[in-house]
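We name chains A, B, ... by the order of the sequence lines, and we start the count at 1 in each one.
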Amino acid sequence: MGKNSERTEMNGTLSQNDQVRVRMAPSPTGYLHIGGARTALFNWLFAKHHNGKFILRIDDTDTARSTHESMHEIYDALKWLGINWNEQYVQSDRKSIYEGYVEQLLESGNAYHCYCTPEELEEIRAQARVDKQTRSYDGRHRHLTSEDVDRFIAEGRKPTVRIKMPDTPILVEDIVLGSRNIDPETLEDEVIVRSNGMPNYNLTSIIDDAEMQITHVIRGTEHLNNTPKQIAIANALGLEVPQFAHIPLVLDSGGRKMSKRHHGDLVAVNRYREQGYLPEAMLNFVVRLGWSYDDKQEIFSVDELIKKFDLDRVGKSGSVFDIKKLEWLNSHYINQLDVAVRTDAVIPFWQEEGLLDSVEDRDWLESIVEAVGERLTTFQDIVPQTRYFFTDEFEYESKAVKKWWGGSDEKKQKTCEILTNLQQILEEIPAFDIETIESVIWKYTDENDIKRVAAMQALRIALTGTSFGPSLFDIVVLLGKDEVLKRIPKAIAHL
RNA sequence: GCCGCUAUCGUCUAGGGGUCAGGACGGAUGGUUCUCAGCCAUCAAACCGGGGUUCGAAUCCCCGUAGCGGUACCA
């Protein structure tokens, strides 16, 4: 009802026995980025929701920029996210298929060879701009005489193939954006085959969509302008046109499209994996960029998403990538994990940092993770949070020192006294467990009229170098008596 | 320049002729506490502008404005 009636109607044209087939068609020119992950997710969820198929198609017609390596990076990233595919194609394997269609287009007169050089084209573009024209290429090689052709060939020019754009309006129906007629005057004869013989995106994409019986093309709005061109090609070929759904862009905090080019690592899905983000968090975060369910739910499991996701609740405007929200979701999902799983996840980060080489003392490690509790935003956070458990080679944070150890000589004196007393108390303690330590320390502070926080923070800095972290009693026990009795004098000496 | 798309708190969004315009992230304040985080409570914060239509407009219609996307022998 209301706002989305148009869409649901169009969605309703899908008949019961038509199986949904969607695809994600990345070009392997780098890692999978956030926008790509969202496109993949929307497609995948749509397929799952409608019990259809999700197809991965590698659009590598740009041979100069495509790499095998990045193809595998994309596979890895999708697998990590848990987005699996039913079928897989690589366009470079399908060149002969496209050639057949090009032949057909040429024969039917819907396409023609264009011998313009890049320099000429450049000129045409510049001129069109000063003339305030919509189109730049004017179809000048639509009707070449054989003498013209011979001359160009003699000059050594290699032709491209261009599609003849129709002179009637093209109806573009979009499930998200609605329908509109595109004025043919705004369309120009696109290059569909390069002069090196490689077919172009607009050609291969729509051919494969038809060949693979794609029912819905769900992709970013940066492709909106390509849609009428692709429809024109499909029409010329008599191919069936899929339904389109253009989803809004993922933007940076300045409101610009997120891209590898401008944002580098920040948009790489793999980077988030490396930093200790959970795929569940990533999925949950990314799905809410442009899609919402109602006014109350923020946390969605994958199963819920499959159940609830549909195109009718996809918005039309771009969404800003807000890392704070991702962090919130990530800590939420980390906290759902039990200690053993969290420990497994965190061990590689300790190892990578050189803090840990063997995991013999598994119980101790789990106790550390337990003590850290809900303080992890990412698994990587384990390192700054727990470094001091593994080494006494840490700095005493200057800010903490200033605040809790003493900006003045007098305060230093006091801190020194407290630490000396604590050292003695802990040395003589009957049992080294949380309860005993707590009671002994509280007894000391209360009887000597020392603020608990002052004594605790002094000790905390002595043992960890920082003023924040897990319960100090946990830390003391986990460090062990020997280590604690070694670190206090060291701190006193530093004072 | 040209073509196109979009417009609700800082951000993600709900709502879509009558609502105190709701929620979440982030922010602020207070409480709990040995610190931090967490948790609890409280608070600030939005309908791009101008005209219509209407008893009534964030919502419908015009007109602006702004932002973004595309403008390749990239995808």
Side-chain angles (χ1 to χ4, degrees), chain A residues 1-3 25-29 59-62 64-66 114 116-118 121-122 125 128-136 158-162 174 177 180 182-183 185-188 190-198 200-202 204-205 219-226 228 246 248-249 251 253-257 285 288-299 315-329 331 335 372-377 385 400 404 438 441-442 445 451-461 464 466-473:
Chain A
M1 56 193 237
K3 157 177 163 185
S27 60
T29 55
D59 281 11
D60 59 346
T61 52
D62 185 356
R65 293 196 307 148
S66 297
C114 170
C116 289
T117 62
L121 260 15
E122 187 61 42
R125 259 196 298 277
R129 207 176 172 125
V130 313
D131 293 344
K132 304 193 174 193
Q133 290 298 302
T134 300
R135 284 192 286 210
S136 54
K158 294 256 186 283
T160 59
V161 178
R162 287 186 187 263
D174 191 283
L177 265 14
R180 58 206 14 105
I182 303 302
D183 181 354
E185 292 294 313
T186 66
L187 266 17
E188 63 183 47
E190 290 294 317
V191 170
I192 54 174
V193 181
R194 298 172 172 88
S195 55
N196 68 4
M198 274 309 279
N200 253 339
Y201 166 75
N202 281 127
T204 60
S205 182
R219 63 187 3 168
T221 46
E222 71 266 29
H223 287 295
L224 195 56
N225 296 306
N226 288 325
H246 286 93
L249 299 174
L251 313 170
S253 55
R256 288 171 171 280
K257 177 182 156 188
F285 171 67
R288 291 285 287 96
L289 259 26
W291 176 84
S292 65
Y293 182 66
D294 57 20
D295 65 342
K296 37 182 85 75
Q297 191 169 1
E298 291 290 341
I299 307 286
K316 298 177 174 188
S317 52
S319 354
V320 174
F321 177 95
D322 178 14
I323 188 103
K324 289 287 187 191
K325 185 121 178 215
L326 209 209
E327 287 175 350
W328 170 71
L329 281 163
S331 71
N335 295 154
V372 168
E374 300 193 337
R375 272 165 274 249
L376 295 179
T377 295
Q385 290 270 7
W404 297 106
E438 183 173 342
I441 291 182
W442 287 167
T445 54
K451 278 192 181 139
R452 287 180 170 191
V453 65
M456 293 297 273
Q457 286 298 72
L459 182 59
R460 178 183 292 278
I461 296 165
T464 72
T466 73
S467 61
F468 61 87
S471 161
L472 189 51
F473 299 119

>> For a quick check of understanding: with a heavy-atom distance under 4.0 Å over all strands, which category does A:Thr160 fall into, base, sugar-phosphate or nothing?
In response: base
> A:Leu177 has a side chain; which of B:C5, B:G70, B:A24 sits nearest to it?
Replying inline: B:C5
> How far, in whole Å, is B:A14 from B:C9 if one measures between their C1' atoms?
Replying inline: 13 Å
>> Heavy atoms from C-beta onward define the side chain here; which of B:C36, B:C73, B:A24 lies closest to that of A:Arg375?
In response: B:C36
> Quick one: do A:Lys325 and A:Asp322 make a salt bridge, cutoff under 4.0 Å?
Replying inline: no
>> Can you tell me whether the side chain of A:Asn200 and the base of B:A75 have a donor-acceptor pair closer than 3.5 Å?
In response: no
> Contact class for A:Phe473 (heavy atom, under 4.0 Å): base, sugar-phosphate, or nothing?
Replying inline: base
> So does A:Ser195 reach the base of B:C73 with its side chain, donor to acceptor, closer than 3.5 Å?
Replying inline: yes
What nitrogen or oxygen pairs link the protein and nucleotides 40-47 of chain B at under 3.5 Å?
none

>> Quiz question: going by heavy-atom distance under 3.5 Å, is there a donor-acceptor pair between the base of B:G23 and the side chain of A:Glu298?
In response: yes
> Considering only side-chain heavy atoms of A:His223, which listed nucleotide, B:C73, B:G70, B:A75, is closest?
Replying inline: B:A75
> Base, sugar-phosphate alone, or nothing: which one does A:Pro470 contact when heavy atoms must sit under 4.0 Å apart?
Replying inline: base
>> Heavy atoms from C-beta onward define the side chain here; which of B:G22, B:U35, B:C73 lies closest to that of A:Pro118?
In response: B:C73
> Is A:Ser471 side chain donor-acceptor paired with the B:C34 base, going by distance under 3.5 Å alone?
Replying inline: yes
> So what does A:Asp131 hit on the nucleic acid, given a heavy-atom distance under 4.0 Å: a base, only sugar-phosphate, or nothing?
Replying inline: nothing
>> Pair A:Trp404, A:Val453 - check side chain to side chain contact (heavy atoms under 4.5 Å, CB included), show working.
In response: CA-CA 9 Å; A:Trp404 297 106; A:Val453 65; 3.6 Å; yes
>> Between A:Lys324 and B:G10, is there a contact of a side-chain N or O with OP1 or OP2 at under 4.0 Å?
In response: no
> Would you call A:Glu185 and A:Arg135 a salt bridge, taking side-chain N to carboxylate O under 4.0 Å as the test?
Replying inline: yes
>> Closest-nucleotide mapping onto RNA chain B: is A:Gly290 or A:Val130 further toward the 5' terminus? I mean the 5' end.
In response: A:Val130
> B:C74 base to A:Arg65 side chain: any donor-acceptor pair below 3.5 Å?
Replying inline: yes
> Where each residue is assigned the nucleotide of RNA chain B containing its nearest heavy atom, which of A:Trp328 and A:Gly255 is assigned the position nearer the 5′ end?
Replying inline: A:Trp328
